[in-house]
Protein chains: 2
Amino acid sequence: MRIVVLAGGIGGARFLRGLKQAAQDADVTVIGNTGDDIHLFGLKVCPDLDTVMYTLGGGINEEQGWGRSDETFHLKEELAAYGVGPDWFGLGDRDFATHIVRTQMLGAGFPLSAVTEALCDRWQPGVRLIPMTDDRVETHVAVELDGERKAIHFQEYWVRLRASVPAQAVVPVGAEQAKPAPGVLEAIGEADVILFPPSNPVVSVGTILAVPGIREAIADAGVPVVGLSPIVGDAPVRGMADKVLAAVGVESTAAAVAEHYGSGLLDGWLVDTVDAASVERVEAAGIRCRAVPLMMTDVDAAARMAGEALTLAEEVRTA
Amino acid sequence: MRIVVLAGGIGGARFLRGLKQAAQDADVTVIGNTGDDIHLFGLKVCPDLDTVMYTLGGGINEEQGWGRSDETFHLKEELAAYGVGPDWFGLGDRDFATHIVRTQMLGAGFPLSAVTEALCDRWQPGVRLIPMTDDRVETHVAVELDGERKAIHFQEYWVRLRASVPAQAVVPVGAEQAKPAPGVLEAIGEADVILFPPSNPVVSVGTILAVPGIREAIADAGVPVVGLSPIVGDAPVRGMADKVLAAVGVESTAAAVAEHYGSGLLDGWLVDTVDAASVERVEAAGIRCRAVPLMMTDVDAAARMAGEALTLAEEVRTA
């Protein structure tokens with residue numbers, strides 16, 4: 001079975017770890033979000049790709065969900081001592097190596113997809129990880145700060161400001177001109193199932209879908225497309241998805257997110273058992289829906305969620 | 001009193017720490033060797049400038065004489081795990097920050113002299129540290145490896161090979177086209193005393209003197225020029241100076257090094273007490289010479305050496 005997954009960071013990575021356990025013989029291709037990539041200290045940092053790579057490759061800091069295990073922050077401390085910023089982005093000493101290797105390879109002319117493949121040679125994530133695009137896409141968030149309207153980098157909004165001010169708009173700058181990375185459309189075209197993990201529907205999955213050709217390829221793939229709600233009981237399971245959902249006019253409920261994707265894209269949708277009441281509304285929107293436990297408390301729980309998603313996909317296929 | 005010092009790495013840095021103690025009111029300008037600078041992982045590394053800066057600024061690893069105190073090597077370990085080299089150059093996590101800041105500033109268009117000044121704003125070395133040039137000079141060493149004659153970077157010869165094969169030639173590539181950095185010739189022109197610490201006469205002091213204009217400015221300065229022998233009892237005090245002295249046809253003795261600099265450049269020369277017998281030979285070459293203890297076992301010993309050098313300079317001045 002060939003499975004394509006559109007993944008953001010922590011939620012996507014943890015779901016994928018469950019999926020690998022639930023479908024051990026499956027051939028999994030992950031299309032990773034690069035909209036929250038950022039240049040720091042002259043280095044290209046790809047937080048979502050790295051979170052997937054580290055999580056599946058056994059190098060993740062389990063507690064925080066991002067960054068490396070057994071990490072130190074000496075380099076960052078020294079940069080601060082030099083007065084060189086920004087200081088709000090948590091780059092660890094081990095993590096820096098990934099960004100240095102990536103930046104060196106990009107500088108040598110390799111596209112990000114080839115660089116990602118090379119990095120994965122070490123981590124052996126057990127999936128094929130492809131960035132959504134080799135082109136530069138950078139998610140900006142429009143906010144009002146000190147009475148002025150500004151567009152700031154998504155990481156500045158998310159990490160520095162902790163989404164503490166309303167997002168007035170979320171714009172994946174460069175997405176319109178971007179092309180899917182080599183292998184993205186092919187993987188979608190050959191997939192048996194396409195999954196949207198409980199990643200952020202705006203700044204993770206939404207950014208991937210904003211790359212021209214990807215949404216269309218998924219809609220036209222003719223295979224079940226099943227998603228899992230990142231909202232449980234009207235609140236994001238983790239992160240601050242509600243902040244960016246508000247920016248695109250979507251209420252922070254499991255049903256509203258399904259409707260936001262729409263029946264033209266989504267065939268099946270899993271909501272948490274606490275949101276069982278919304279199943280009817282989702283199905284009324286033409287999307288098959290089931291209520292199952294959606295809290296990824298551990299790998300087994302994530303595996304059960306992945307299993308439910310595949311079961312729902314099978315229901316869609318044979319319906 | 002305005003003192004100009006031509007410095008390499010460890011020997012120069014430790015001598016300077018002694019000089020600061022011996023001449024606390026002096027205005028010291030250090031002209032630093034950049035011939036052993038190297039690009040690693042896309043970063044500009046200036047080992048000699050950093051050794052001076054860290055040593056005088058209190059950040060040096062005292063035992064090894066280079067690199068940072070309280071250092072870790074996680075980034076380097078990770079680069080090796082990615083299979084990215086070279087692995088023989090000891091870049092620590094804290095040290096990396098210096099190279100990142102430097103590389104960023106160079107990339108922004110600042111010359112190395114301005115970058116060095118900015119880095120010293122943090123370290124407050126208590127001297128004015130100027131690279132010998134803002135231009136790229138790279139010391140290469142001609143060696144025979146596996147039956148083939150090759151020119152390799154000085155660091156590869158020194159650090160990777162530990163000078164284990166004979167150096168057939170030492171070439172400061174780019175020196176002929178280099179210009180002294182801003183402030184270098186002015187500092188020499190305004191100096192009351194010019195000192196050559198017990199740094200390597202070929203790859204440290206020699207490289208600085210290879211930048212057109214510097215040797216001439218020192219010879220024409222009309223002030224005492226006093227050096228300290230890096231060779232004690234026919235062997236280098238530290239490092240492998242004998243290997244590169246052989247490449248330029250100079251025997252590894254305190255007297256031969258003085259003759260190598262020559263009376264056209266050098267007015268005074270300090271040899272160690274074990275080399276007292278060579279005083280006569282040095283003086284026969286027209287260079288005033290004294291035998292004093294030259295082992296920098298601690299800061300006080302280095303300060304006594306610096307004091308002896310200043311005393312000899314005064315003798316030269318009043319002779």
Side-chain angles (χ1 to χ4, degrees), chain A residues 39-45 50 53-54 57-61 67-87 89-110 114-125, chain B residues 39-45 50 53-54 57-61 67-87 89-110 114-125:
Chain A
H39 282 81
L40 294 167
F41 312 111
L43 301 173
K44 169 86 162 177
V45 180
D50 288 350
M53 189 170 77
Y54 293 160
I60 199 77
N61 179 320
R68 292 291 315 280
S69 53
D70 191 23
E71 187 60 292
T72 50
F73 291 86
H74 294 151
L75 205 171
K76 184 176 186 289
E77 282 171 34
E78 295 295 322
L79 290 170
Y82 278 116
V84 170
D87 62 357
F89 200 87
L91 292 177
D93 298 327
R94 293 188 186 279
D95 194 27
F96 257 106
T98 301
H99 315 313
I100 286 175
V101 175
R102 174 185 291 122
T103 305
Q104 288 271 92
M105 288 191 70
L106 290 170
F110 292 98
V115 173
T116 304
E117 198 178 334
L119 295 171
C120 285
D121 271 350
R122 170 186 173 192
W123 289 103
Q124 297 289 323
Chain B
H39 283 81
L40 294 167
F41 312 110
L43 301 173
K44 169 85 162 178
V45 180
D50 289 349
M53 189 171 76
Y54 293 161
I60 199 78
N61 179 320
R68 292 291 315 282
S69 53
D70 190 24
E71 187 58 293
T72 51
F73 291 85
H74 295 152
L75 204 172
K76 184 176 186 290
E77 282 172 35
E78 295 295 322
L79 290 171
Y82 279 116
V84 171
D87 63 357
F89 201 87
L91 292 176
D93 298 329
R94 293 188 186 280
D95 194 27
F96 257 108
T98 301
H99 314 313
I100 287 176
V101 175
R102 174 184 291 122
T103 304
Q104 287 271 92
M105 287 192 69
L106 290 170
F110 291 99
V115 173
T116 304
E117 198 178 333
L119 295 172
C120 285
D121 272 350
R122 169 186 174 196
W123 289 103
Q124 297 289 323

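Protein chains get the first letters and strands the later ones, always in sequence-line order, with residue 1 at the start of each.
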> Sequence neighbours excluded, which residues qualify as side-chain hydrogen bond (donor to acceptor under 3.5 Å, both in side chains) partners of B/Asp50?
Replying inline: B/Arg102

> Who among B/Trp123, B/Phe96, B/Tyr82 has the most heavy-atom pairs with chain A under 4.5 Å?
Replying inline: B/Tyr82

>> Distance check, rounded to the nearest 0.5 Å: B/Asp93 atom CG versus A/Phe73 atom CZ?
In response: 11.0 Å

> Counting only heavy atoms not in B/Phe110, do more than 12 sit closer than 6.0 Å to its CZ atom?
Replying inline: no

> So what's closer than 4.5 Å to chain B heavy atoms on A/Thr103: side chain, backbone, both or neither?
Replying inline: neither

> What residue in A/Asp95, A/Thr72, A/Val84 has the most heavy-atom pairs under 4.5 Å with chain B?
Replying inline: A/Thr72

> Of the backbone (N, CA, C, O) and the side chain (C-beta and beyond), which part of A/Ile100 lies under 4.5 Å from a heavy atom of chain B, both, or neither?
Replying inline: side chain

> Nearest 0.5 Å, what's the CD-CG distance between A/Gln104 and B/Leu43?
Replying inline: 7.0 Å

> Do you know which of B/Ala81, B/Gly59, B/Gly107 has the most heavy-atom pairs under 4.5 Å to chain A?
Replying inline: B/Ala81

> So A/Arg68 and B/His74, side-chain contact (heavy atoms from CB on, under 4.5 Å) or not? Walk me through it.
Replying inline: CA-CA 11 Å; A/Arg68 292 291 315 280; B/His74 295 152; over 6 Å; no

>> Nearest 0.5 Å, please: how far is CD in A/Glu78 from CD in B/Glu71?
In response: 7.5 Å

